[in-house]
Structures are given as C-alpha cells and as structure tokens.
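Here is the naming used below: chain letters follow the sequence lines, and residue numbers restart at 1 for every chain.
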Protein chains: 2
Amino acid sequence: MSTVLKLTPQKVGRPKGGKDVAAQTQDGTVGKALALLDEVAAYGRPVRFAELLSDSDLPKATLYRLLQTLVSQRMLSLDPDTGFYTMGSRLIRLAHAAWQTATLAPVARPHLDQLSSQLQQTVHLAQLDHGQVLYIDKRNAARPIAMFSDAGKIGPAYCTGVGKAILAFVPADVLDAALKQQSWFRHTEHTHTSAESLRADLKDIRATGISFDREEHEPQIICVAVPILDDLGRPLGAISVTSSTLRHSLDDLAGFAPALKETAEAIARDASAYTIPGASPSGITGA
Amino acid sequence: MSTVLKLTPQKVGRPKGGKDVAAQTQDGTVGKALALLDEVAAYGRPVRFAELLSDSDLPKATLYRLLQTLVSQRMLSLDPDTGFYTMGSRLIRLAHAAWQTATLAPVARPHLDQLSSQLQQTVHLAQLDHGQVLYIDKRNAARPIAMFSDAGKIGPAYCTGVGKAILAFVPADVLDAALKQQSWFRHTEHTHTSAESLRADLKDIRATGISFDREEHEPQIICVAVPILDDLGRPLGAISVTSSTLRHSLDDLAGFAPALKETAEAIARDASAYTIPGASPSGITGA
DNA sequence: AACTAAGTTTCAAATAGTGGAACCTGTGGG
DNA sequence: CCCACAGGTTCCACTATTTGAAACTTAGTT
C-alpha cells in the first residue's frame with residue numbers, strides 16, 4: 001500500500017469553546033461536506049465511521065448526517081456490509097469534466113504525444129494550484145498512457161522542475177503567496193530549504209527559460225522543465241522531461257530543452273486559440 | 001473544439017410551480033451545490049452566471065451564493081476578468097484519491113499493461129456506475145486507433161462490450177434497475193433497442209463468459225469483453241479489447257478471449273487480496 | 001445476563017439558507 | 001451627455017435546515 005499521507009489536509013480550525021474566533025470552517029454545510037470529503041480522501045483507504053468521528057471534531061450526529069448526504073450524492077460510497085466509506089464514483093465523472101475543460105490537458109495532449117515519442121522520454125504536464133504542483137498529464141515513452149494515476153497527483157513546487165519553471169514566471173504577489181505555502185522539507189541534500197535560495201534559482205530560470213531539478217526532490221531523479229507562457233507572459237503550466245542520473249547527465253537533459261520550448265510554445269498557441277480572447281485559458285492558476 | 005456534448009446529463013427534475021412533488025433536488029444545500037456542479041460540468045466549457053441562471057431554476061441570489069461557495073471551495077473556478085465559471089482544481093485532486101482507493105484501477109494496472117503489450121491491442125477497464133459504464137482506465141498499444149476514450153468517461157451499458165459483460169453477471173434486481181436506466185438509443189443498425197433483445201444477448205454472455213460489441217455503439221468499432229468476477233461471482237468490472245472491422249473480424253477478437261479471461265481472473269485475485277475480507281472491493285457498483 | 005463499542009434516531013434551539021427587491025456597475029444608444 | 005438596460009452583487013426579514021446532547025438500538029464481549 002502506498003505511503004499513507006496523513007497530513008491533515010485542511011487544518012479544520014477548531015476552537016471548541018473558543019467563541020467565534022474568525023473564518024474557520026467556512027462556507028456552511030457545503031464547506032463542511034467538502035472538508036469531510038478531503039478527510040476521507042486523506043486516508044487513502046476505506047474508513048470507518050468511528051475513525052472519522054475521532055479525527056473530525058464534528059459531533060456524532062452531525063457527522064453521521066453529513067456522511068449520509070455525501071453517500072446519497074455518490075460523492076462517497078458506503079459498503080453496507082462492512083460500514084467502510086470510500087470515495088464515490090461521481091467524483092471521477094466530475095473530474096473528467098474538470099480535466100477536459102479547466103486544464104491544459106486536452107489542448108496539450110497531441111503535443112505531449114509528439115514530444116514524448118520524438119525524445120523517447122517521459123514527459124509531464126503540470127499546473128500550479130495553491131502553491132503546489134498539480135500533475136495534469138503524463139506521457140511515458142516506453143509504457144504509454146496513464147490518467148488519474150499520475151494526473152491529479154500533487155507535488156511540491158519548490159523542488160520540482162515544473163514547479164520552479166512556473167514559479168519563475170508568476171507575478172510577484174502570487175510568488176510571495178506561493179513561497180509561504182512551501183514546506184521547505186529537505187528531501188535530498190540538493191533541496192532548496194529557503195525562499196532566498198529558491199529565489200536565486202528562479203532568477204536563473206527566468207533568464208534562461210529553463211528549469212532543472214538537480215535531484216532536489218528524489219535522489220537520482222533529475223528533470224528539465226520549461227514553462228508554458230501565454231501571450232502576456234503569464235505561466236499557464238509547465239512541461240518537463242524526467243530521467244535519472246543513471247541514464248542522463250544534466251547536460252544531456254539540457255539538450256532536450258529546445259524541443260521542450262518548441263512544444264511549450266505550440267501548446268500556448270493552441271491554448272489561446274481555444275479560448276475566448278481575454279479569458280484566461282485555464283481555471284487552474286496560482287492564488 | 002471537440003463536439004460539445006450538451007445532453008442534459010442529469011435531468012434535473014423541474015416542477016416549477018408544482019409544489020413539493022417528492023424527492024427532487026434532495027439533500028439540502030449540499031445536494032444543490034453538487035447538482036450545480038453537474039450543471040457546470042455538463043456545459044463542457046466555461047459558463048457565464050446568466051447562462052446558469054436561466055438554465056437553473058434557483059433564484060438569482062441563491063445561485064449567486066452557491067456559486068460563491070463553490071468557488072471559494074475551489075470546486076469551481078471563476079475567471080475574475082471575464083466572469084466565466086469552470087470546473088475547479090480540487091475536483092482533480094479528489095478524483096485522484098477516488099481513482100486510487102475506490103476503483104479497480106490501481107490493482108488492475110499492471111495486468112492491463114501486461115495484456116496490452118502481449119496482445120498489442122487497446123485495452124479498457126470499466127465498472128458499472130448507476131446503469132452506465134464508467135471507464136476507469138485504458139491502455140493503448142502501439143498505434144492509437146482513432147477513437148476517443150479516457151478514464152472518467154462514461155458510456156452506455158446496453159451497447160458496449162464491457163457494459164454487457166457486467167450486466168450479464170449482475171444480480172437480478174440490479175439488472176432490472178439498470179435496464180430501466182438505458183436510453184435504448186439506436187446508435188447503429190446493430191444496437192439493441194429493447195430490454196428483451198439485450199436479455200437474450202446477456203444469456204449467451206452468461207453462458208460463454210464472453211461479451212461482444214458487434215458495432216453496436218459505433219459503426220466499424222467492435223470489441224470483446226469479459227467480466228471481472230469476485231469469489232462470489234459478482235461482477236467487479238470488466239475488461240475489453242477494442243478494435244475496428246478494418247483490422248479484425250469478430251473471430252479474430254474471440255481469439256483474444258482466453259488472454260482476457262486470464263487477466264480478469266488475475267485482477268480479481270489481486271483485488272480480493274487487497275481488500276479486507278468481506279468488504280466489497282470496490283466502492284463503485286450498480287445500484 | 002450485564003456490559004461495551006459502534007452506529008442510528010430524536011427533537012427543541014439556533015443557525016444558515018432563501019429569495020424578492022434594491023442596488024451597483026459598465027456598455028450602448030439616442 | 002444622460003438614460004436604459006443587461007449582467008452582477010448585496011440587503012435583509014422570513015423560514016427551512018442544520019445542529020448536537022442525549023436517548024436508543026444493535027452487535028459483540030466477558
């Protein structure tokens with residue numbers, strides 16, 4: 001079973017007797033329901049009512065009713081025999097719509113195919129979402145196709161090629177906000193562990209238009225990435241080629257940069273063509 | 001732009017002055033919010049407030065507040081410049097969790113890889129969801145044939161190989177319910193257009209364990225499918241090999257059946273191993 | 001049978017959602 | 001230049017919905 005990432009997905013504020021402190025849970029019932037959905041998602045496995053009850057601070061009856069509602073709406077599903085809750089099918093349908101209409105994926109897809117088979121390398125497409133990298137699509141040269149497996153996955157922005165490629169071109173206010181949201185966890189000895197260190201890197205990236213992951217996230221794993229910039233120079237996302245030190249040097253990867261840039265431009269061009277002029281082409285961006 | 005499929009995906013019941021007929025919108029605010037989400041998803045493109053207002057029967061202010069909530073929750077995203085709503089990024093993250101924990105995909109993945117490269121054909125994995133086929137994964141061998149399909153996509157159950165493979169092994173009550181939900185639209189001259197006709201076909205499928213799509217959904221497109229059955233004989237999903245009449249005959253496809261069956265059994269075996277004994281392995285099933 | 005953990009239902013109190021109407025824009029006429 | 005108007009946004013009194021302590025069922029123990 002994959003490492004269960006139980007990291008309190010949304011810090012559901014909780015001053016029990018603490019009066020009305022401020023905007024905590026927010027957004028009424030809908031907000032609570034969605035927070036609960038995140039909660040269930042965070043388990044990464046079927047969950048019992050009691051588990052949710054102890055982790056959440058909702059009173060029993062409230063939690064119960066909320067779960068009922070979510071199940072009835074098929075956002076969750078409840079195994080009647082065992083009482084385990086899992087994520088519901090409606091999410092997958094909705095996500096399909098989201099993926100199709102609010103991401104670069106449909107536009108980028110043919111270009112990624114082309115690039116992947118041209119370079120014979122693994123290619124990623126990612127966008128920035130709340131200071132984190134959201135992987136939208138992936139093309140694996142050898143073993144083709146993957147969907148939500150990799151699409152939908154999130155990763156850190158401060159220590160991935162795509163993350164840095166996007167951050168380098170994001171407006172100052174968005175960058176500031178994003179930097180505050182990074183964990184600065186030292187994944188490897190090459191990881192940037194402070195905003196200053198990263199900013200220096202971003203400056204280079206801005207100059208060259210090329211971002212490298214020098215084993216900053218995982219040992220042995222390296223990557224080149226370039227941003228996808230719209231006609232106003234705003235980053236819509238980024239694409240990357242990932243490899244390992246066993247197969248390529250950073251210089252080798254640098255050799256892929258021209259092809260990446262070309263592809264990124266092609267995607268940007270298509271994206272603007274698909275969009276109502278003036279509208280930002282993607283729903284998913286910074287903030 | 002890809003064909004906009006505007007087919008009122010959920011028949012949002014609508015008795016305007018009709019008093020309180022019965023369980024319509026249901027589930028309070030959460031239900032309404034989710035219905036709205038579906039509404040937006042159905043457009044398949046960015047939507048304006050006014051469009052939603054005229055299609056929905058919510059009063060202006062209510063709709064407005066709901067949208068605000070959903071945007072604030074990142075289930076929708078609103079382009080501040082243009083006022084267009086699109087699906088939000090949170091859906092993609094949630095769907096990833098759903099896909100990972102509530103579908104057969106993670107378990108089936110290696111087996112599909114294996115099958116796809118062994119047969120050098122396009123392989124699909126699907127599950128039944130509310131009388132419809134929900135495509136969970138797809139593996140496309142070498143050259144992609146001209147066909148659109150992706151994880152998260154939904155399709156009819158009564159005229160697809162995977163749909164019929166599952167229906168053939170579903171308990172009587174689920175089958176009855178599912179049959180009522182079919183549109184019986186005559187996609188091609190081979191499409192089953194009535195429950196009787198389909199039932200006869202299902203009987204054969206039950207006998208042989210093999211389901212064929214004989215150009216029933218799209219002209220030229222044919223497919224063999226087999227169900228994935230758990231140890232109690234309940235269908236967890238189905239896998240299929242799809243091709244076109246230009247490349248294969250139905251007899252050719254029949255030749256793939258043994259490999260398909262073997263793979264389906266392997267998936268079922270793994271699925272039961274991954275699950276708490278007694279729990280149904282997948283959240284997504286009939287009903 | 002007595003106890004306990006886990007899940008379900010009740011019900012008065014209170015919060016949160018409703019929606020008609022007024023109020024802001026920015027745009028396009030006249 | 002001023003008015004009309006469509007597309008959005010905000011108000012606010014009215015109510016339906018949500019809330020959660022507590023009582024109540026089941027299963028599973030000891």
Task: Under the side-chain contact (heavy atoms from CB on, under 4.5 Å) test, residues paired with A:Ala268 that sit two or more places apart - done: A:Ile228
- [ ] Could you pull out all residues at least two apart from A:Tyr135 that satisfy side-chain contact (heavy atoms from CB on, under 4.5 Å)?
- [x] A:His124, A:Ala126, A:Val133, A:Lys153, A:Thr160, A:Val162
- [ ] State, to the nearest 10°, the angle formed by the axis through the first five base pairs of the helix from C:dA1-D:dT30 to C:dG30-D:dC1 and the axis through its last five.
- [x] 20°
Task: B:Glu51: partners by salt bridge (charged side-chain N to carboxylate O under 4.0 Å, His left out), with sequence neighbours left out - done: B:Arg45
Task: side-chain contact (heavy atoms from CB on, under 4.5 Å) against A:Leu66, all qualifying residues, sequence neighbours excluded - done: A:Thr29, A:Lys32, A:Ala33, A:Leu36, A:Leu58
TODO: Under 4.0 Å from any heavy atom of chain B: name the first and the last nucleotide of DNA chain C that qualifies, 5' to 3'.
DONE: C:dG17 to C:dG20
Task: Sequence-distant partners of A:Glu265, side-chain contact (heavy atoms from CB on, under 4.5 Å), two or more places apart - done: A:Arg269
Please report, to 0.1 Å, the donor-acceptor pairs under 3.5 Å made by any side chain of residues 170-180 of chain B, with sequence neighbours excluded.
unit_1   : atom_1 : unit_2   : atom_2 : d
B:Asp176 : OD1    : B:Arg199 : NH2    : 2.8

Open item on the list: Applying side-chain hydrogen bond (donor to acceptor under 3.5 Å, both in side chains), can you list everything that pairs with A:Ser183, at least two apart in sequence or on another chain?
Closed with: A:Tyr158
- [ ] Decide, yes or no, whether a salt bridge links B:Asp129 with A:Arg90 under the criterion of side-chain N to carboxylate O below 4.0 Å.
- [x] no
Task: side-chain hydrogen bond (donor to acceptor under 3.5 Å, both in side chains) against A:Gln132, all qualifying residues, sequence neighbours excluded - done: B:Arg93
Open item on the list: For a quick check, with a 4.0 angstrom heavy-atom cut-off, what is the B/S/- contact string for nucleotides 7-20 of chain D, read 5' to 3'?
Closed with: -BBBB------SBB
Open item on the list: Tell me every residue that passes ring-ring contact (aromatic ring centres under 6.0 Å, His included) with B:Phe169, counting only those two or more places apart in sequence or in another chain.
Closed with: none
